[in-house]
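Below is one structure; the comments refer to it alone.
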Amino acid sequence: MPQLDIVDETFVVAEPARLAAVVRDPARWRGWWPDLRLGVFQDRGDAGVRWNVHGALTGSMEVWLEPYGDGVIVHHYVRCEPGDGRTLSAGPAARELRRRQRHAKRIFWALKDELECGRRPGDPRPAAT
């Protein structure tokens with residue numbers, strides 16, 4: 001079991017292909033995870049991306065995009081160890097896990113805000129621009 005094992009979901013009301021284009025953009029990755037170097041090992045098209053991870057963490061990460069209703073469930077998985085090879089004790093491991101979880105939520109909530117364009121709950125999804 002990896003020291004950092006994150007599973008998260010966020011629902012985004014957006015056209016699946018539009019969301020996929022953003023998630024698959026390497027320029028976004030550097031902004032989202034500046035301390036990680038990501039190498040694609042599976043480009044799943046509109047279904048997302050799987051990466052090998054190096055840098056502050058070593059392991060794998062995935063964003064799986066699942067069309068659902070009028071939007072997409074963004075599934076985010078991280079299965080990594082500290083990049084320097086050390087073993088984290090319980091306290092530091094829990095803090096790093098929470099830090100990475102909060103960081104992922106900020107990324108995907110910002111993406112939700114960007115793509116939903118101020119949409120109120122119950123309104124139809126915004127037209128692609």
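Remember, predicted model here, so these are calculated numbers, not experimental data.
- Between the side chains of Glu62 and His76, not a single donor N or O lies within less than 3.5 Å of an accepting N or O.
- With a 4.5 Å cut-off on side-chain heavy atoms, Val12 and Leu111 do not count as touching.
- Ile6 and Ile107 fall within the same hydrophobic cluster, where Ile, Leu, Val, Met, Phe, Trp and Tyr residues are linked whenever their side-chain heavy atoms come under 4.5 Å apart, directly or through other members.
- Here the side chains of Arg99 and Arg95 are not in contact, with every heavy-atom distance at 4.5 Å or above.
- Hydrophobic clustering (side-chain heavy atoms under 4.5 Å, transitive across Ile, Leu, Val, Met, Phe, Trp, Tyr) keeps Val7 apart from Val49.
- Taking hydrophobic clusters as Ile, Leu, Val, Met, Phe, Trp and Tyr residues chained together by side-chain heavy-atom distances below 4.5 Å, Val53 shares a cluster with Trp32.
- Between Leu36 and Leu57, the closest side-chain pair of non-hydrogen atoms falls below 4.5 Å.
- Counting heavy atoms from C-beta on, the side chains of Arg24 and Asp43 come closer than 4.5 Å.
- The CZ atom of Arg98 sits 12.0 Å away from the CG atom of Leu4 when rounded to the nearest 0.5 Å.
- Taken to the nearest 0.5 Å, the CD atom of Gln42 stands 11.0 Å off from the CG atom of Asn52.
- Minimum heavy-atom separation, Cys117 to Arg18: SG-NH2, 4.5 Å.
- Other residues, nucleotides and ligands place no more than 12 heavy atoms under 6.0 Å from the OH atom of Tyr68.
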Assess the residue pair Thr10 and Trp109 against the criterion (side-chain contact (heavy atoms from CB on, under 4.5 Å)); give the C-alpha distance rounded to whole Å, side-chain angles, the decisive distance to 0.1 Å, and a yes or no.
CA-CA 8 Å; Thr10 302; Trp109 287 348; 3.8 Å; yes

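- A salt bridge links Asp35 with Arg100: at least one charged nitrogen is closer than 4.0 Å to a carboxylate oxygen.
- Closest approach of Phe41 and Ser60 over heavy atoms only: CE2-CB, 4.3 Å.
- Remark: Glu114 engages Arg28 in a salt bridge, criterion side-chain N to carboxylate O under 4.0 Å.
- Closest non-hydrogen pair, Val23 versus Trp51, comes out as O-CZ2, 4.3 Å.
- At least one side-chain heavy atom of Arg50 sits under 4.5 Å from a side-chain heavy atom of Arg44.
- In terms of heavy-atom proximity, Leu115 sits nearest to Leu19 at CD1-CD1, 3.4 Å.
- Residue Asp8 forms a side chain to side chain donor-acceptor pair (under 3.5 Å) with just one option from His75, Lys105, Gln101, and that option is Lys105.
- Leu38 is listed as a side-chain neighbour of Trp33, based on a closest heavy-atom distance under 4.5 Å.
- Two residues are said to be in side-chain contact when any heavy atoms from C-beta on lie closer than 4.5 Å; Val63 and Phe108 meet this criterion.
- Here the shortest heavy-atom pairing between Gly45 and Ala20 reads O-CB, 4.0 Å.
- Considering only heavy atoms from C-beta on, Val78 stays 4.5 Å or farther from Asp5 through its side chain.
- When every heavy atom of Glu116 is checked against every heavy atom of Val13, the shortest pair comes out as OE2-N, 2.7 Å.
- The hydrophobic clustering, which links ILVMFWY residues whose side-chain heavy atoms are closer than 4.5 Å, places Tyr77 and Val72 apart.
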